[in-house]
Every structure is written in C-alpha cells, then in structure tokens.
Amino acid sequence: MGQIGRRWRIIGGGLLGVVVILLLIVAMFPWGVFRGIVEREATERFGRPVTIGAVDRIDSFGFVPVIAIRDVRVPQANWAGTGDFARVKQVTVSFPVWPLLTGEFRPRDVTADGVRLALVRDAQKRTNWDRPGNPQGGGSTDLGAITIRDAIVSYADAVQDRRATMRLSADPDAGFKAEGDGVIRGAPVRITVSGPAPVRARPWPFTADITGRALTMHAKGNMDRPLDTDAMTLDVSARATDLKLIDAVIEAGLFRTRPVALTAHVRHDPTRWTITGLKGTIGRSDLRGRMTVDKVDGRSKIDGELISRQFAFDDLTSPEGRAEGAANERAIGPRLVPDTRIDIGNIDNTDGRLVFRVGQIVGPGANAPISSLAGTMTMDHQLLTLAPLKMQLAQGRVTGRATIDQRGDRRSPTLSFDIRLDGGRVAGFAAGGQFTGKVDGRARLSGTGDTIRSAIGRSSGSIGFVVRDGQLPQRYAAALGFDAGRALMAGSHDRAGLRCLIARVSVKGGRGRVDPLVVDTAISQLKGAGTIAFPAETLALTMNGAPKQDVILRIPGNASIGGTLTDPRIVVPREVKSVGNILKAIGNRITGHSGPVAGNADCDTLAARALR
C-alpha cells in the first residue's frame, strides 16, 4: 500500500505541476502570436485584406491580459470609393481568458487612439461595414469601459441623401460625446450626441440633437446597452420644413409635406419602430395618434391610427408640387377638380395600413362643410386603397372607395373611384337659401395621370347628380320654360316647386356627354344636352325649355351654357333677344300659338338611371 500511495502522490504531484505550468503559460501567454489569425479573421469579416502592424501584450502576467493592437488598416470596399474604410493607430483591450475556453470573447476595457472611419451606404443599400452577403446589422456593443481619443468618423448615405463628419470622444470620467456637421437632403445641420461613460451591459442614457434652419430634432432616452441604437427608448421632438427630412433620419418610409412640428414617445427595436403619444401639426393640419413601422424583407410595414380636428389635403404635398399647381391655375384659371399629385412611384418600399378620422376639411377644395371624415388607407406594393371612405357633411354623407395603382413600374398611376352622396341638401352646397332640395350623387371614374386633374382628364366612367323635392324662386322657374312674361311679373318672394334636377354625364377619355340634363319644376321643364371636357372643365351645353301651362309671353329659341364648371356662362343667342323674335312671341300669344307645353318628367326613372 505504501508503494501504491507513493505512486499516486507522484502522479498527483505531476498533474499539479502540469496544471501549474499550464496556468503559468496562460498567465504569461504572448498573445501577439495570434496577429496572423486575427488578420485572417478580420479579412474574412470585411471581405478585403486587413493588416495589423503589431499585437503586443502590455502586461506581463495575469489571467486578464491587456493587449495592444497597433496600426490597423481596413481598405475601403471597391464600390465605396478610394482610401480606407478604417485606420486605427492603437487599440488597447483587456479580457478574461477563461471564457475563451467556451468560444466567448468578453472584452472589459477598450481604449482606442487615432481612429478614422469612413462609413458608406450606396444607392443599392450596400454598406461597407457589414459582412459581405449578410443582412445589415445594428450598432450594438457589449464592451466594458470605453475610452476614445482622436477619433473622426465620416458618413455618406446615398439612400437618404445625407452625410456627416463627426469627432468622437469617450472617457470614464468625462463621458461620451460626438459632434460634427452634416447635410441631410441638402439641408445643413449640426449634430451632437452625449451621455455618460458607457458601461458594459447597463442601460445608457443619452441626448441627441440635430439643429439647422430646415430641420431640428431633439431626442432624450435610454439605450438598452451602450451605443446600441437598435434597442432604445426615447422622447423626440422635431421641426422641419418637410416631413421627408425627418424621414431621412428615422427611415420610416414617409412622404413630403408642408412644414412639420411633432412630438412622440418612441421605442426602436432591431426591426421595429413603435411610436406612441404622437401629436403635432403638418401645415394647417393637426394630428395625434400612434404608429408602428416594421422592417420586413427590406420594406417598411406601417400600421397606425391618426386623428385630426382639421385637415388640409394640400398639406401632404411638396413645395414643388404646390408651385406647379399654382402656376397652372394662373395659366388656365381656377378648376373644380384639384391638381393634387398622386404619383406614388417613389414610395416603392412602404406598405401598411393607416386608419384615420378627421373632424373638418379645410383649404382648397373644401367648400362643402364637412363635419367628419373617416377611412382606412392601405398600401400594398404601390397599390394605394382608400376603403371604406366615410364623409359626413353638414347635411348628407359621402361613402365609397378609391384606389391609386402604380404597380409594375408604371410611369403614371391609375386613379379609380366609386363615390356616392346620399341625403344631401342643396343648402349645404349653395349659399343664399334660394334653392332647396334633397341631393344624391354618384361618380365612377378611372383614368391615368400624375395628378387627380390629369387622371380625370383621361378617365372613363359616369357622373350622376339628382336633386328632388325642393323649391326655387318662381321667376327662375318661369325663365327655365322661356316664359318671359311670368318671369318678369313674379314677385321676389314667389316660389315654385322643384320636382327634380337630374344630370348624367357619360365620360370617355376625359370627354363627358351630358344625357340627360332635366330640370323639372311645377311650372316648367328645361332639357339640355352637350359635353363637358376634362381636364379643362369646359362646358358646351344647349338648353331648351317649355312651360307646363299657358304662358304670358313665351320667347321662342334656346340658350347655351359655356365657360367652365367654376365659371359657367349662359348665352342667349342674339336672334332670340332680337326685336323681331320678341314681336314674334307677342304674335304667337295673340294667335294662341305659343307652342306645346311640357308634362311632368318621370323623375324616379331618370334618377335611377343617373345614379346606377
């Protein structure tokens, strides 16, 4: 037993000696021998040859070695321009050796001196900092204490048209700071980011500011880990001359607008923005609501709800679009159909669903008092659908749906809509109260164009308009029947019943044929025919009237309506107003040959046809 015991003591002592020797080797290991391996790994990581001048162990003994990596150079990607992607004079890092046994590298403290980074994203969304062939990653880190001295980072992004040059510094005592100048979509800005010294695995509070004449943003929040922009919560306020400037920062796939002032509470995760407590203004429009924006397969998926007390559609247009529209109006005069741009060709990476509610529409094209507007807007690969659409007027309601289709790389979108007006009142559309009646209407059109006006100018479909059970001044009703005598003798307060006013316009290629146009009153009936040409909205109508009873003085002939929808002009031919024609009318009255009288129109059948 004594001999066996001696053997085990010898074996145990030998094993202990081996362990001690191994520990000494680890504690004194010259980590610089891995320089070549590190170069190869880095070369594979970036897809281009990385060189390291030296890797030296600064301390002499211990299980948390301190390594200095000097003269690091990473060439720029071939597609990103000339020069280097990164140059670092020296990086000093400490780390525990035991996690390496399980394949984990856990750096504790990092000091970087003489850092130069040139970050690039091209128009195809390639980035020079990601592993070739791998999807773009975030900016997270799990480092220990970070010290940065003499660091300059430049950034150029062709996707959002932004660039900046920033000077960075970090110190355990002084904290972190980055500041510099940049340009976002042509707007010069000053950029600053500050916070305490980053500490590994702890939330990192920060403030960030972008200041400029066209764009100002302030953010205050916390990153889940230091410098991890893919996991942060913040409160944001922003002012900009255009919502697209804000979108150039947050990349949510938004659009151009009038000047914007917004505040919101924001949560950003790797593939999602969650926006709550959103409120602010866009031009004259106010809004509040919430929204989420998910990044899925390179596309922005929006889901949200917006509420507005008052809203102007032209607040969602660019200055260039508004200037073009104003120039067109000066050249051709005012038009009923707005020239709002509907080209969504540049919204090629945004899908989603947006529910909205509006209290009142203001601005151009908002003459009818609208007490509320609600609907759901859905975007699916450049197919924009507005359905259901509900618009409550002071008297009546509008319902329907509309689509803007620009799929398949179409140069111009196709606008299609089917909209109905039910239960309206003439008083809601015409001031003065001289005309009354219930109004119903329907418009079904489809056409291609970059604006609503140009699309309707090439559209086909139908427009129907019906007024029933109303009243109008008797002198007007008599004039519709060309009864000049009764029109002259009617008192200012005399009224006549309006049985129906019915118009149906069949549209093909932007040219509308009016058939029928009937105004049927208790004492007269007017029939018209002709055309309405879009987008000029010019009228070419011929009107013929007849009384429903014996006339005092009936003027033979007809009248025409020219001009435009916003400026109609009634023209009575010269021969109708001539002395000879008036004498002829007097003669017809004396002889009892004033012409046939009209019967009642079949208002129900005509209305059904107009609204079908």
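Here, residue 1 is the first one in the sequence, and each next residue gets the next number. These numbers were taken from a predicted model, which means no experiment stands behind them. As a basis for the values below, the full set of heavy atoms in this structure was taken, side chains included, without hydrogen atoms, waters or symmetry mates.
In this structure Arg397 satisfies the side chain to side chain donor-acceptor pair (under 3.5 Å) test with no other residue, sequence neighbours excluded. Applying the side chain to side chain donor-acceptor pair (under 3.5 Å) criterion to Arg353, with sequence neighbours excluded, gives no partner residue. Considering only residues two or more places apart in sequence or on other chains, Phe417 meets the ring-ring contact (aromatic ring centres under 6.0 Å, His included) condition with none of them. With sequence neighbours excluded, the residues that form a side-chain contact (heavy atoms from CB on, under 4.5 Å) with Ser416 are Thr403, Thr414, Ser446. Judged as a side-chain contact (heavy atoms from CB on, under 4.5 Å), and not counting sequence neighbours, the contacts of Ile342 are Ile404, Pro413, Leu415, Ile452, Ala455. With sequence neighbours excluded, no residue satisfies side chain to side chain donor-acceptor pair (under 3.5 Å) with Thr51. Residues passing the side-chain contact (heavy atoms from CB on, under 4.5 Å) test with Ile152 are Arg116, Thr165, Arg167, sequence neighbours excluded. Among residues two or more places apart in sequence or in another chain, the side-chain contact (heavy atoms from CB on, under 4.5 Å) test is passed with Asp269 by Arg267. Under the side chain to side chain donor-acceptor pair (under 3.5 Å) criterion, Gln406 pairs with Asp343, sequence neighbours left out.
In this structure, Arg299 does not pair ionically with Asp294, as no charged nitrogen and carboxylate oxygen lie closer than 4.0 Å. A salt bridge links Asp314 to Arg258: at least one charged side-chain nitrogen sits closer than 4.0 Å to a carboxylate oxygen. Taking the charged nitrogens against the carboxylate oxygens, Arg162 and Asp157 do have a contact shorter than 4.0 Å, which makes a salt bridge. Residues Asp235 and Lys220 are not paired through a salt bridge, judged by the lack of any N-O separation under 4.0 Å between the basic side chain and the carboxylate.
The distance from the OG1 atom of Thr292 to the CH2 atom of Trp273 is 13.0 Å, given to the nearest 0.5 Å. In this structure, CG in Leu373 is found 11.5 Å from CZ in Arg357, a value given to the nearest 0.5 Å. With rounding to the nearest 0.5 Å, the separation of CG in Leu384 from CG in Asp351 is 11.0 Å. One finds the OG1 atom of Thr216 at 9.5 Å from the CD1 atom of Ile246 (value rounded to the nearest 0.5 Å). In this structure, Asp224 CG and Met232 CE are separated by 10.0 Å, a value rounded to the nearest 0.5 Å. From Ile275, atom CD1 reaches atom OG1 of Thr263 across 11.5 Å, with rounding to the nearest 0.5 Å.
Contact check for His265 versus Thr233: side-chain heavy atoms found under the 4.5 Å cut-off. Ile148 places a side-chain heavy atom less than 4.5 Å from the side chain of Ile146. The closest side-chain heavy-atom distance from Leu287 to Phe311 is not below 4.5 Å. Looking at Leu306 and Met377, their side chains never come closer than 4.5 Å, going by heavy atoms from C-beta outward. Between Phe85 and Val50 the shortest side-chain heavy-atom distance does not fall below 4.5 Å. Contact of the Tyr155 side chain with the Met166 side chain is not registered, since no non-hydrogen atoms from C-beta on lie closer than 4.5 Å. Under the 4.5 Å side-chain criterion, counting only non-hydrogen atoms from C-beta, Leu234 is not in contact with Met223. No side-chain heavy atom of Leu354 sits less than 4.5 Å from a side-chain heavy atom of Glu305.
A distance-only check finds a donor-acceptor pair linking the side chain of Arg458 to the backbone of Thr448 [under 3.5 Å]. Remark: side-chain polar atoms of Asp161 are not paired, donor with acceptor, to backbone N or O of Ala248 under 3.5 angstrom. Here the side chain of His268 pairs a donor or acceptor atom with the backbone of Thr229 at under 3.5 angstrom.
Smallest separation of non-hydrogen atoms from Val193 and Ala208: CG2-CB, 4.1 Å. In plain terms, the two heavy atoms of Ile456 and Leu445 that are nearest each other are CG2-CD1, 4.3 Å. Here the shortest heavy-atom pairing between Phe46 and Asn128 reads CD2-O, 4.5 Å. Taking all atoms of both residues into account, the shortest heavy-atom contact from Ala187 to Ala214 is CB-CB, 3.7 Å. Of all the heavy atoms in Ala197 and Asp171, the pair that sits closest is CB-O, 3.4 Å. Shortest non-hydrogen contact noted between Arg442 and Asp418 is NH2-OD2, 2.8 Å.
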Query raised in the report: Taking it one step at a time, do Asp315 and Thr257 satisfy side-chain contact (heavy atoms from CB on, under 4.5 Å)?
Result: CA-CA 6 Å; Asp315 285 338; Thr257 66; 5.9 Å; no

Query raised in the report: Given the rule in the side-chain contact (heavy atoms from CB on, under 4.5 Å) test, do Gln382 and Ile347 qualify, once you have shown the distances and angles that lead to the verdict?
Result: CA-CA 7 Å; Gln382 295 180 305; Ile347 310 178; 5.7 Å; no

Report task. List the steps, then state whether side-chain contact (heavy atoms from CB on, under 4.5 Å) holds for Asp405 with Arg410. Result -> CA-CA 9 Å; Asp405 189 352; Arg410 300 181 189 178; 3.5 Å; yes

Report task. In sequence, state the C-alpha distance, the side-chain angles, and the governing distance for Asp286 and Gln310, and then conclude on side-chain contact (heavy atoms from CB on, under 4.5 Å). Result -> CA-CA 6 Å; Asp286 68 275; Gln310 69 172 30; 3.6 Å; yes

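For residues 216-245, no residue pair satisfies the ring-ring contact (aromatic ring centres under 6.0 Å, His included) rule, not counting sequence neighbours. Applying the ring-ring contact (aromatic ring centres under 6.0 Å, His included) test to every pair with at least one member in residues 276-310, sequence neighbours left out, gives no pairs at all.
Checked by atom type, the side-chain pair Arg70/Gln90 shows a donor-acceptor distance below 3.5 Å. There is a side-chain donor-acceptor pair under 3.5 Å between Thr207 and Ser194.
Counted within 6.0 Å of CZ on Arg239, heavy atoms from surrounding residues, nucleotides or ligands total 12 or fewer; the atom is thus considered open. Within a 6.0 Å radius of CZ in Arg290, more than 12 heavy atoms belonging to other residues, nucleotides or ligands are found. Residue Lys89 qualifies as open at atom NZ: its count of foreign heavy atoms under 6.0 Å is 12 or below.
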Could you list the donor-acceptor pairs under 3.5 angstrom formed by side chains in residues 174-186, with sequence neighbours left out?
{"from": "Asp181", "atom 1": "OD1", "to": "Arg190", "atom 2": "NH1", "distance (Å)": "3.0"}
{"from": "Asp181", "atom 1": "OD2", "to": "Arg190", "atom 2": "NH1", "distance (Å)": "3.3"}

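The one candidate from Ile69, Ile67, Ile52 that meets the side chain to side chain contact (heavy atoms under 4.5 Å, CB included) condition with Val38 is Ile52. The salt bridge (charged side-chain N to carboxylate O under 4.0 Å, His left out) with Glu251 is formed by just one residue from the set Lys244, Lys295, Arg121; it is Arg121.
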